[in-house]
Amino acid sequence: MCLAVPGRIVERKGETGMIDFGEGTTREVNLSLVDAEVGDYVLVHAGFAIQVLDPREAKKTLNAWKKLLEEG
Amino acid sequence: MGMNAFRYRDRSLVNKVAKSIREMNLNVLIMHVCGTHQDTFARYGLDNLLKECGVEVRQGPGCPVCVTTPREIEEAIVLAKAGKTVVSFGDMVRVPGKNGSLLDARAEGRDVRIVYSIEDAIAIAKETENDVVFLAVGFETTAPSTAATLVAEPPENFSVLTCHRRIPPVLDALLGMGETKIDGIIDPGHVSTIIGVKPYEEISKKHNIPQVIAGFEPLDVMMGVYMLCRQISRGEAKVENEYSRSVRYGGNSKALKLMREVFDPVDVEWRGFPKIPASGMELRRRFQDYDARKIHEDELEAVKEMEFSTPPGCRCDEVLRGLIRPQKCPLFGRGCYPSHPVGPCMVSIEGACSIEYKYGRRMAPRV
């Protein structure tokens, strides 16, 4: 139920966005819960974007893991 | 940057994390409360790998369909039988109630529809003059979509039978019950995306328990467990956030504001649990014209007097409290299957029993 899938906003009309989930899958999604723009990556749950993903944080996480494991 | 930036599946890194955990020489039991986490643990065999490293993983009450009570399911069935159009998510309609499931009611000619989103339910309400009741299940991840829909002035024939529930109160209740010694908790990444980090901090303080918010890729889950084990071995009890690409400290403020506008906290029962303070969400007075329990009060009167019991042999209650693994249930794979479920944990794709069955794990691992 709490499954959420990342996708990229390719179009926006009012509170509705067209999201590209990759591999040819697109779908209309309600954007009223987030402040997001075309080009942003969002997490989509039950037809609603629930957060804008932060690519810098994503990279930071990967780097932190690598560092942690080199030390460990 | 592509979608791959958000996929963390490097097997050699997973093995490295496992090795680091093993070297801590722990013998601990950790709990998570999310079917999507359990799916990652089982799909990639991470729980068996972790067991070899001294970490036993249990799924607690982390399945919204599973913790919905038989009384709530009966309310939906009664409304369907009274001629309303009842709309819900796929798994919900298959959970056996007192006298069959919503799907059985549909087979008897009642109007029961399955949707992916509450917006599909609104579309149905716009096409019919019949009363449309949306059976709203889900934790804080899902409740904002219900709130956003209700503030957007839905059609008058639309109402919500709210069964939304909040995760922090059930964690607090579970730790307070103390039936089993839980050494750490992996917090659900998408619930946390909405509520943020703060609500867990009080729980860590009160119960002296370490927590880590984790994402859902195999590496997210393994790093979450690693961070948890590091806290345990150091004797710490704080809340760490592994899933920072989605979880901000304050959560999603827009979603939280909408939820506060639409819902009041209310004491509710969970399947397998007694009444848990402030763990439910009822519609505020301003939205009572959309509250199925208010506008269909007469039809629902009969449900109030009903008593409900667990089907003989079914141990979903104990699975939901994290006391047993599904294989300990006498019905698991012997009378209870995904195609013919007895209890909700075998129905929902997020249920612990259904996940164990799906990955072919009929017997408990002997590691």
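No experiment lies behind these values; they were computed from the predicted model shown.
- Note that CD of Glu119(B) is 9.0 Å distant from CD of Glu28(A), once rounded to the nearest 0.5 Å.
- Ranked by heavy-atom pairs shorter than 4.5 Å toward chain A, the options Lys257(B), Glu242(B), Lys16(B) are led by Glu242(B).
- The choice from Met223(B), Met227(B), Met92(B) that makes the most heavy-atom pairs within less than 4.5 Å of chain A is Met223(B).
- Only the side chain of Ala148(B) comes within contact range of chain A, with heavy atoms under 4.5 Å apart.
- With rounding to the nearest 0.5 angstrom, the OG atom of Ser246(B) is 6.0 Å from the CD1 atom of Ile50(A).
- Distance check: Thr141(B) OG1 to Gln51(A) CD gives 12.0 Å after rounding to the nearest 0.5 Å.
- We find the OG1-CZ distance between Thr149(B) and Phe48(A) to be 4.0 Å, quoted to the nearest 0.5 Å.
- Crowding of Glu236(B) atom CD: a count of heavy atoms from other residues, nucleotides or ligands under 6.0 Å exceeding 12.
- For Tyr243(B), the part sitting under 4.5 Å from any heavy atom of chain A is the side chain, from C-beta outward, and nothing else.
- Of the candidates Val52(A), Val34(A), Asp35(A), Asn252(B) forms a side chain to side chain contact (heavy atoms under 4.5 Å, CB included) with just one, namely Val34(A).
- Counting non-hydrogen atoms of neighbouring residues, nucleotides and ligands closer than 6.0 angstrom, the NZ atom of Lys358(B) exceeds 12 such neighbours.
- Side-chain contact, Glu57(A) with Ser244(B): a donor N or O sits under 3.5 Å from an acceptor N or O.
- Only the side chain of Leu43(A) comes within less than 4.5 Å of a heavy atom in chain B; its backbone stays farther off.
- Applying the side chain to side chain donor-acceptor pair (under 3.5 Å) test to Arg94(B) and every residue at least two apart in sequence or in another chain returns nothing.
- For chain B, the nearby part of Thr61(A) is the side chain; its heavy atoms alone come within less than 4.5 Å.
- To the nearest 0.5 Å, atom CZ of residue Arg27(A) and atom OG of residue Ser117(B) are 6.5 Å apart.
- Here the closest heavy-atom approach between residue Pro144(B) and residue Leu33(A) is recorded as CB-CD1, 3.7 Å.
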query: Would Arg248(B) and Asp54(A) count as a side-chain contact (heavy atoms from CB on, under 4.5 Å) if you check the C-alpha gap in whole Å, the side-chain angles of each, and the deciding distance to 0.1 Å?
result: CA-CA 10 Å; Arg248(B) 318 280 135 80; Asp54(A) 186 339; 3.8 Å; yes

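- Only the side chain of Val191(B) comes within contact range of chain A, judged by heavy atoms closer than 4.5 Å.
- In this structure, CG in Leu3(A) is found 8.5 Å from CG in Asp39(B), a value given to the nearest 0.5 Å.
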